[in-house]
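Throughout, a chain's letter reflects where its sequence line sits, starting with A, and its residues are numbered from 1.
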Amino acid sequence: MIDEKVRVRIAPSPSGNLHIGTARTALFNFLFAKKNHGKFILRIEDTDAERTSQEYVDNIFDSLKALGLNWDEGPDVGGNYGPYTQSQRFDIYPKYVQELLDKGFAYECFCTPEELEAEKELATKNKQAYVYSKKCENLTEEDKEKLRKEGRKPAIRFNIAKAQKAFHNSSILEFDDLVKGKLHVDTNLIGDFVIMKSNGSPTYNFAVVIDDALMEISHVIRGEDHISNTYKQILIFEALGFKVPKFGHLGMILAPDRSKLSKRHGATAVSDFVKEGYLTEALINFVALLGWAPSDGEEIKPVDKIAEDFRIGEISSSNSIFEYDKLKWMNGQYINKMDLAKLTDLALPFLNMYDLNKYTRKQLEKIIEITREPITLLKDLVYDTQYFFEKPDYTEVKELLNSDLSKDVLDKFTEEVKTYDFNNSEELHNKLADFRAYFKEQKGYKPKETMWAIRAAVTGRTRGADMVAILELLGKDETIARIEASRKI
RNA sequence: GCCCCCAUCGUCUAGAGGCCUAGGACAACACCCUUUCACGGUGUAGACAGCGAUUCGAAUUCGCUUGGGGGUACCA
């Protein structure tokens, strides 16, 4: 149990729709906050105006909400530490840049992109690690004045060595990661990085620190791609006299081919998954299992139950591969357990190519109820419910319908069905059972063979929902019409 | 190139020196149930990357190798 005031955040950059990996990071932050009675904060990091768009901001909001990851503070709900959108915080950064400049932990750099590029090329040529040369570190006022007259605008760089020396004994910087344990790096290998661009906007590593410090973030839980940033950030926290938060780095989610999960692997954004018919409940549950395991072995459980059982130190520190098989299985589980009315609401939009007015709401719910079982995605419903809305297509079952067995069965069924009461499902069920039994005894036809013939005639399929329910939904007239149609092919 | 992280069945994982002839889940396969598909049930197959070291004893500790991932921007 962590006793101090817990404040965690998710800080997505709106340069794309909410990625499933970001959703997982958000989830773990959310779980950590819930478990420790802390606050979960949403901050939008839109410093890079070039790649940012409002559409993505909206997508992030909607996706997080759909997943049930509600935030306590954020751009829309506000809070005492706002604004929660980085671009609206631009006026607060210069003050801290100046402080770093004054303390000697930062300096102006007039290097041009070309000069920097040359340095890098030289390092590569000599097979050396590239580290910024610090050639602007000791520029005199005259030098700077001269450069400024040339029209050069300086960027501000952070002085790694100076900060390291001020707060640590050696050049090795170490921190205790919440999930990975002790992590370290030799700060000599970190170049003096830019904290404020020459155009006056802060860079990511600088803005995060200021924001996290001012928002009093206690624990930073994020992907391990940020480990190398952590060292830079720790040094800034220290140089500014801020309390350094605890860090926890999660393994990454990889595609089945072990590369970064990207668009070519299919859906990557939460909204893409939803469009394919994944339930947000299943998505969030599945993603929780990537790197974390429930103590009771019960894998299917809602987020609030997961939160009770969550311990950050038990998260796996390795990467995990995103396999769709288990997600699909889990989605199927959720589809079958979900409240029918709710599921119908979610399913109907997927069926908008059909004339839904053919049926009452009650009947539509019935259709969903009897077709939900074998599906793993909501969009599977399109195919599986087709014969309720359209005339059957017999091409797949032509051979079956023309078999002697089918002819026998349908000869008799055509006559018998006229006597059935379609408004009495129990009777219908019994009549069909008798019908199967009759052919079993008389001809030795297997029950399923008898049913195949009927199913094929009525739906054009050999697989599908419960026949009794199908017959009821279709009604006597339509059933008879379909059987007659099937006999003419 | 350099730096960092990681390493149990195909995949997600349990496992924190003897409970492990390594457990579960998904996927696969077989059988049962059954009006089909599915669900469910039962079962089969399937892993401690390799090599050293420590120890009476190692999946669990240490080192090396290999493999995978990440970082190396005036992107976030």
For A/Tyr93 and A/Asp211, does a side-chain donor sit closer than 3.5 Å to a side-chain acceptor?
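Result is yes, a qualifying pair exists.
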Go through the N and O atoms of the side chain of [X] and the base of [N], and report whether any donor-acceptor pair is under 3.5 Å.
| X | N | value |
| --- | --- | --- |
| A/Lys326 | B/rA27 | no |
| A/Ser198 | B/rC74 | yes |
| A/Asn229 | B/rA76 | yes |
| A/Asp466 | B/rU36 | no |

Hey, does the side chain of A/Asn331 reach the backbone of A/Thr376 with a donor-acceptor pair shorter than 3.5 angstrom?
yes
Has A/Ser171 got a side-chain atom pairing as donor or acceptor with A/Thr187's backbone, closer than 3.5 angstrom?
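Not a single qualifying donor-acceptor pair exists.
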Hey, which sits more toward the 5' end of RNA chain B by its nearest nucleotide, A/Ala155 or A/Trp329?
A/Trp329
On RNA chain B, compare the nucleotides closest to A/Ile227 and A/Ala11; which residue's is nearer the 5' end?
A/Ile227
Nearest-nucleotide pick for [X], side chain only, options being [options]:
| X | options | result |
| --- | --- | --- |
| A/Pro447 | B/rU13, B/rU35, B/rG69 | B/rU35 |
| A/Ser318 | B/rA7, B/rC37, B/rC26 | B/rA7 |
| A/Glu224 | B/rU35, B/rG69, B/rC74 | B/rG69 |
| A/Arg455 | B/rA38, B/rG69, B/rU36 | B/rU36 |
| A/His184 | B/rG69, B/rC6, B/rC4 | B/rC4 |
| A/Thr203 | B/rA76, B/rC12, B/rC2 | B/rA76 |
| A/Val185 | B/rG69, B/rC74, B/rC3 | B/rC3 |

Complement of [N], any strand, by Watson-Crick or G-U distances under 3.5 angstrom:
| N | result |
| --- | --- |
| B/rC62 | B/rG52 |
| B/rA16 | none |
| B/rC75 | none |
| B/rU44 | B/rA28 |

Please state the [atom1] separation for the pair [N] and [M] - nearest whole angstrom.
| N | M | atom1 | result |
| --- | --- | --- | --- |
| B/rG10 | B/rC48 | C1' | 16 Å |
| B/rG23 | B/rG15 | C1' | 8 Å |
| B/rA16 | B/rU8 | C1' | 14 Å |
| B/rC51 | B/rU66 | C1' | 10 Å |
| B/rA59 | B/rA49 | C1' | 12 Å |
| B/rG46 | B/rC9 | P | 14 Å |
| B/rG18 | B/rU60 | C1' | 11 Å |
| B/rG69 | B/rC12 | P | 13 Å |

When A/Tyr334, A/Phe273, A/Trp329 are each screened for ring-ring contact (aromatic ring centres under 6.0 Å, His included) with A/Tyr278, the one that passes is A/Phe273
Tell me the interatomic distance from [X], atom [atom1], to [N], atom [atom2], rounded to whole angstroms.
| X | N | atom1 | atom2 | value |
| --- | --- | --- | --- | --- |
| A/Ile321 | B/rG67 | CD1 | C1' | 13 Å |
| A/Arg24 | B/rU13 | CZ | P | 8 Å |
| A/Leu147 | B/rC74 | CG | C1' | 16 Å |
| A/Asn205 | B/rG71 | CG | P | 13 Å |
| A/Lys180 | B/rG69 | NZ | P | 14 Å |
| A/Met330 | B/rA27 | CE | C1' | 14 Å |
| A/Asn126 | B/rU72 | CG | P | 21 Å |
| A/Arg258 | B/rG70 | CZ | P | 12 Å |

Look at all strands and tell whether [X] reaches a base, only sugar-phosphate, or nothing, counting heavy atoms closer than 4.0 Å.
| X | result |
| --- | --- |
| A/Arg461 | nothing |
| A/Glu299 | base |
| A/Gln333 | sugar-phosphate |
| A/Gly291 | sugar-phosphate |
| A/Leu183 | sugar-phosphate |
| A/His226 | base |
| A/Gly464 | base |
| A/Arg436 | base |
| A/Glu373 | base |

Ring centres under 6.0 Å, that's the criterion: do [X] and [Y] meet it?
| X | Y | answer |
| --- | --- | --- |
| A/Phe193 | A/Phe206 | no |
| A/Phe28 | A/His219 | no |
| A/Phe322 | A/Tyr324 | yes |

For the residue pair A/Tyr420 and A/Phe413, does the interplanar ring angle fall in the parallel (under 30°), tilted (30 to 60°) or perpendicular (over 60°) class?
perpendicular
Paired with A/Glu108, the salt bridge (charged side-chain N to carboxylate O under 4.0 Å, His left out) test is passed by just one of A/Lys153, A/Arg148, A/Arg152, namely A/Arg148
Please determine if a side-chain N or O atom of A/Lys448 lies less than 4.0 Å away from the OP1 or OP2 oxygen of B/rC33.
no
With a 4.0 Å limit, can you tell me whether A/Ser320 has a side-chain N or O closer than that to the phosphate oxygens OP1/OP2 of B/rU13?
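For B/rU13, OP1 or OP2 has a side-chain N or O of A/Ser320 closer than 4.0 Å.
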